Engineer: 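Sharing a structure with you now.
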Amino acid sequence: MTDTFEPRIVAFLCNWCSYAGADNAGVARMKSPANVLPVRVMCSGRVSPEMVLRAFRSGADGVLVLGCHIGDCHYISGNHRTAKRIPLVRQLLSYIGINPERLRLDWVSSAEAPKFARVTKEFVETVRALGPIEEEIEARSTVNG
């Protein structure tokens, strides 16, 4: 089944950098996966653990958070907050039985359209290799009883 599996990815993109990078990738006709649903947020620092968990609960197989590079945040320290928060969310995912590799944080500026295309492709491949999240949850519930 994983050969035909196409993961559903929710990507939270910073309005000022990553969303613009995605837009520039599209304008330049760079190939990027069609199964990535971009969600524009004003700052990656606004991506709460609840938003990540809601994306998974709503059927996402993976969640990608892309923000401005450290030191370039439009809101000064939003990406610092993100850099501290995402590792904690990954620990939470592991605790509740979701592979933390299903959540990725990266930094993509508006001038890095090729990086946006590369990061999204890499993440889709990572999640594709993990398989559907339903199988992971079923396997966990079978073990736990």
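Bear in mind the structure is a predicted one, so any value in this text is a computation, not a measurement. Count residues from 1 along the sequence.
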Engineer: Judged by atom type as modelled, is there a donor-acceptor pair below 3.5 Å linking the side chain of E136 to the main-chain atoms of G131?
Structural biologist: no
Engineer: Pairs of donor and acceptor atoms involving the side chains of residues 35-45, under 3.5 Å and at least two apart or interchain, shall be tabulated with distances.
Structural biologist:
residue, atom, partner, partner atom, Å
N35, ND2, E6, OE1, 3.1
N35, ND2, P7, O, 2.7
R40, NE, N15, OD1, 2.8
R40, NH2, N15, OD1, 3.4
S44, OG, T82, OG1, 3.0

Engineer: I want to check something: taking the side chain as every heavy atom from C-beta on, are I133 and R102 in contact at a cut-off of under 4.5 Å?
Structural biologist: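 Counting from C-beta outward, I133 and R102 do come under 4.5 Å.
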Engineer: I'd like to know if the side chain of S58 and the backbone of A55 have a donor-acceptor N/O pair within less than 3.5 Å.
Structural biologist: no
Engineer: Would you call Q91 and S94 a side-chain contact if the rule is heavy atoms closer than 4.5 Å?
Structural biologist: no
Engineer: Do V47 and L64 sit in one hydrophobic cluster, given that two such residues count as connected whenever their side-chain heavy atoms are within less than 4.5 Å of each other, even indirectly?
Structural biologist: no
Engineer: Would you list the pairs meeting salt bridge (Lys or Arg N to Asp or Glu O under 4.0 Å) in which at least one residue belongs to residues 47-64, sequence neighbours left out?
Structural biologist: R8-D61
Engineer: Distance-only, no hydrogens or angles: does the S48 side chain make a donor-acceptor pair with backbone N or O of M51 under 3.5 Å?
Structural biologist: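 Flag set: sc S48 to bb M51 pair under 3.5 Å.
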Engineer: Holding to side-chain hydrogen bond (donor to acceptor under 3.5 Å, both in side chains), I want the full list of residues that pass it with R118, two or more places apart in sequence or in another chain.
Structural biologist: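 Per chain and number, R118 pairs via side-chain hydrogen bond (donor to acceptor under 3.5 Å, both in side chains) with E122.
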Engineer: Go through L53 and L93 one step at a time and tell me if the side chain to side chain contact (heavy atoms under 4.5 Å, CB included) criterion holds.
Structural biologist: CA-CA 8 Å; L53 292 174; L93 291 175; 3.8 Å; yes
Engineer: Would you please test L66 and R104 for side chain to side chain contact (heavy atoms under 4.5 Å, CB included) and show each step?
Structural biologist: CA-CA 8 Å; L66 298 179; R104 178 173 174 178; over 6 Å; no
Engineer: Give, for atom CZ of F5 and atom CD of E134, the distance between the pair rounded to the nearest 0.5 Å.
Structural biologist: 7.5 Å
Engineer: Which value, rounded to the nearest 0.5 Å, describes the distance between S18 atom OG and N79 atom CG?
Structural biologist: 9.5 Å
Engineer: As an exercise, state the distance from SG of C14 to OH of Y75, rounded to the nearest 0.5 Å.
Structural biologist: 8.0 Å
Engineer: Shortest non-hydrogen contact from F123 to V63?
Structural biologist: CZ-O, 3.5 Å
Engineer: Around atom OH of Y19, are there more than 12 heavy atoms from other residues, nucleotides or ligands closer than 6.0 Å?
Structural biologist: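 Count not over threshold, so no.
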Engineer: Is a side-chain donor or acceptor of E135 paired with a backbone partner of P132 at a separation under 3.5 angstrom?
Structural biologist: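 Answer holds: no.
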Engineer: Would a hydrophobic clustering, with Ile, Leu, Val, Met, Phe, Trp and Tyr connected at side-chain separations under 4.5 Å, put I96 with V10?
Structural biologist: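 Yes, one cluster joins them.
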Engineer: Check whether any side-chain heavy atom of V65 lies under 4.5 Å from a side-chain heavy atom of L103, and answer yes or no.
Structural biologist: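 SC-SC contact between V65 and L103 confirmed.
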Engineer: To the closest 0.5 Å, what do you measure between SG (C73) and CH2 (W16)?
Structural biologist: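 The SG atom of C73 sits 11.0 Å away from the CH2 atom of W16.
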Engineer: Applying the 4.5 Å side-chain criterion to the ILVMFWY set and letting contacts propagate, would V119 and L130 be lumped into a single cluster?
Structural biologist: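 No, separate clusters.
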Engineer: Quick one: side-chain contact (heavy atoms from CB on, under 4.5 Å) partners of A20, sequence neighbours excluded?
Structural biologist: S110
Engineer: Show the nearest heavy-atom pair for residues W107 and A83, with the distance to one decimal.
Structural biologist: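 Scanning both residues, the minimum pair turns out to be CZ2-CB, 4.0 Å.
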Engineer: Please check if V124 and V108 belong to a single hydrophobic cluster, counting links between Ile, Leu, Val, Met, Phe, Trp and Tyr side chain heavy atoms closer than 4.5 Å.
Structural biologist: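 Same cluster.
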Engineer: With sequence neighbours left out, what residues match H69 under ring-ring contact (aromatic ring centres under 6.0 Å, His included)?
Structural biologist: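 In terms of ring-ring contact (aromatic ring centres under 6.0 Å, His included), with neighbours along the sequence ignored, H69 is linked to no residue.
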Engineer: Evaluate the side-chain proximity of K115 to D106: yes if any heavy-atom separation is below 4.5 Å, no if none is.
Structural biologist: yes
Engineer: Which pairs with one or both residues in residues 64-90 pass salt bridge (Lys or Arg N to Asp or Glu O under 4.0 Å), sequence neighbours excluded?
Structural biologist: R90-E101
Engineer: So if you build clusters from Ile, Leu, Val, Met, Phe, Trp, Tyr with side-chain heavy-atom gaps below 4.5 Å, do F116 and I9 land together?
Structural biologist: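 Yes, because F116 and I9 connect within a single hydrophobic cluster, where side-chain heavy atoms sit under 4.5 Å apart.
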